[in-house]
Amino acid sequence: MAAGTLLATTACASGDGAAADSETAAAVAERPLAAQTTTPSPTATGSVSATPSANATTSPAAPLSEAGARNALITSADIEDDWVQVKDPESWRDKLLIGEVDTAQFVTGKADAADCQRLVDSLYDETLLGRPSGASALNGFQEGQSRLLYQVASYDKAALDKSMAWLAKLPDTCDQFTLTGGDSGDRTVQVVEASLPKEGDARQGLTVTMKGTTNGDPVTLTLDVAVVRVGNDAITITNGGLDGADEDTTKTAVEQGTERLKEVQAGRTPTPTPSNLD
């Protein structure tokens, strides 16, 4: 991946904000529907980790369709505040967290560095949990210099469990590392575990903090990362920016998004969220 900057410059961020204000239509980036399994999927709430609860029960769920993935997406009304949906959240991947992990500081070997590089490369991508095996839908929201990327997708169950386990170990293997490359110099990245509402069958939360410089000025980029598995499907959230990460927004997105996905899995169309929430 080509070396780049910590984040878009202030001028770029301002331009994004202006564009976001004028783009009110929902943005959905769909992926082709691939072969999917009809294995019964857990529905009971699990533990706060990538491991399902021992008390979880299973019930049949139809494979996620493209229409279902779109219906399961949250809207700006679900997360309230001044979030505005944008048309092309896929373009964000070229502006955030670009660089190469410095392997010299990893005394435990190259495996840890590879894990950290995978995290950096996929934070504003649709591949944080790997490539979906089935339907996928994506939208994004912007509020000031903060961005929220939201994805609903269907995965191969074994691959999904493996990805959840990978996320769970990142606070240990990638607790602190350095990104190099680009015009911003070295950037220090820290990864810590974050708590999430007890939604879905399994979940994993992280807070990623990056400190560096942009145009010679010190900046701190803070991102919440939240993943919730519901059967063979999952929601993925990346929320934050130069203004920090709003933990309440992340948790609200988890709660609202999980319920919408469950409705879709049950064969129902989620009720539109009122826009005048208190």
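Values below: all heavy atoms of this structure, side chains included; hydrogens, waters and symmetry mates excluded.
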Apply side-chain contact (heavy atoms from CB on, under 4.5 Å) to the pair Thr269 and Val264, showing each step before the final yes or no.
-> CA-CA 6 Å; Thr269 299; Val264 168; over 6 Å; no
Kindly indicate, with the supporting measurements, whether the criterion salt bridge (charged side-chain N to carboxylate O under 4.0 Å, His left out) is fulfilled by Asp161 and Lys157.
-> CA-CA 6 Å; Asp161 285 342; Lys157 179 61 166 56; 2.6 Å; yes
Do Arg203 and Val254 pass the side-chain contact (heavy atoms from CB on, under 4.5 Å) test, and can you show the C-alpha distance, the side-chain angles, and the key distance before you say yes or no?
-> CA-CA 10 Å; Arg203 67 211 63 82; Val254 165; over 6 Å; no
Can you check side-chain contact (heavy atoms from CB on, under 4.5 Å) on Asp186 and Asp102, steps first, answer last?
-> CA-CA 9 Å; Asp186 291 351; Asp102 181 5; 5.9 Å; no
Passes side-chain contact (heavy atoms from CB on, under 4.5 Å), Val191 versus Thr207? Steps please.
-> CA-CA 6 Å; Val191 181; Thr207 299; over 6 Å; no
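Expressed to the nearest 0.5 Å, how far CG of Leu261 lies from CG of Leu64 amounts to 6.5 Å. Put simply, OG1 on Thr220 and CZ on Arg187 are 13.5 Å apart, with the number rounded to the nearest 0.5 Å. Residue Leu148 holds its CG atom at 10.5 Å from CD of Gln85, rounded to the nearest 0.5 Å. For the atom pair CD (Gln176) and SG (Cys116), the distance works out to 11.0 Å, reported to the nearest 0.5 Å. Taking CD from Glu143 and CG from Asp243, the interatomic distance works out to 8.5 Å, rounded to the nearest 0.5 Å. With values rounded to the nearest 0.5 angstrom, Asn139 atom CG is found 8.0 Å from Leu149 atom CG.
For the pair Glu199/Glu255, a side-chain contact is recorded, criterion being any heavy-atom separation below 4.5 Å from C-beta on. Between Thr238 and Asp224 the shortest side-chain heavy-atom distance does not fall below 4.5 Å. The shortest distance between side-chain heavy atoms of Val225 and Ile237 does not fall below 4.5 Å. At least one side-chain heavy atom of Leu123 sits less than 4.5 Å from a side-chain heavy atom of Leu119. Using a 4.5 Å cut-off on side-chain heavy atoms (C-beta onward), Asp81 and Thr249 make contact. Within the 4.5 Å cutoff, side-chain heavy atoms of Leu167 are placed close to those of Leu206. Taking the side chain as every heavy atom from C-beta outward, Leu129 and Gln151 never approach each other to under 4.5 Å. Residues Val189 and Thr178 are not in side-chain contact: their nearest non-hydrogen atoms beyond the backbone lie 4.5 Å or more apart.
Side-chain contact annotation: Asp78 with Thr75, donor-acceptor N/O pair under 3.5 Å present. Asp233 and Gln265 share a side-chain donor-acceptor pair at under 3.5 Å.
Between the side chain of Arg260 and the backbone N or O of Asn71 there is at least one donor-acceptor pair closer than 3.5 Å. When atom types are taken as modelled, the side chain of Ser136 and the backbone of Pro132 share no donor-acceptor pair closer than 3.5 angstrom. Judged purely by atom type and a 3.5 angstrom limit, Ser122 has no side-chain atom pairing as donor or acceptor with the backbone of Asp125. Thr209 contributes no side-chain N or O that, together with a main-chain N or O of Thr222, makes up a donor-acceptor pair within less than 3.5 Å. At distances below 3.5 Å, not a single donor-acceptor pair connects side-chain atoms of Arg118 with backbone N or O atoms of Val120. Remark: the backbone N or O of Glu100 is paired with a side-chain donor or acceptor of Thr180 at under 3.5 angstrom. Under a 3.5 Å cut-off, the side chain of Arg229 and the backbone N or O of Met164 do not form any donor-acceptor pair.
Taking all atoms of both residues into account, the shortest heavy-atom contact from Leu160 to Ala234 is CD1-CB, 4.2 Å. A pairwise comparison of heavy atoms in Thr252 and Ile79 identifies CG2-CA, 4.3 Å as the closest pair. When all heavy atoms of Ala69 and Val152 are compared, the closest pair comes out as O-CB, 4.1 Å. Here the closest non-hydrogen pair linking Pro89 and Gly140 is CG-N, 3.7 Å. The heavy-atom pair separating Pro171 from Glu193 by the smallest distance is CG-N, 3.8 Å.
The existence of a salt bridge linking Glu247 and Lys251 is confirmed by a sub-4.0 Å separation between a basic side-chain nitrogen and an acidic carboxylate oxygen.
Paired with Cys174 under the rule side-chain contact (heavy atoms from CB on, under 4.5 Å), one option of Asp112, Asp115, Val101 passes, and it is Asp115. Screening Phe141, Tyr150, Trp83 against Asn239 for a side-chain contact (heavy atoms from CB on, under 4.5 Å) leaves a single residue, Trp83.
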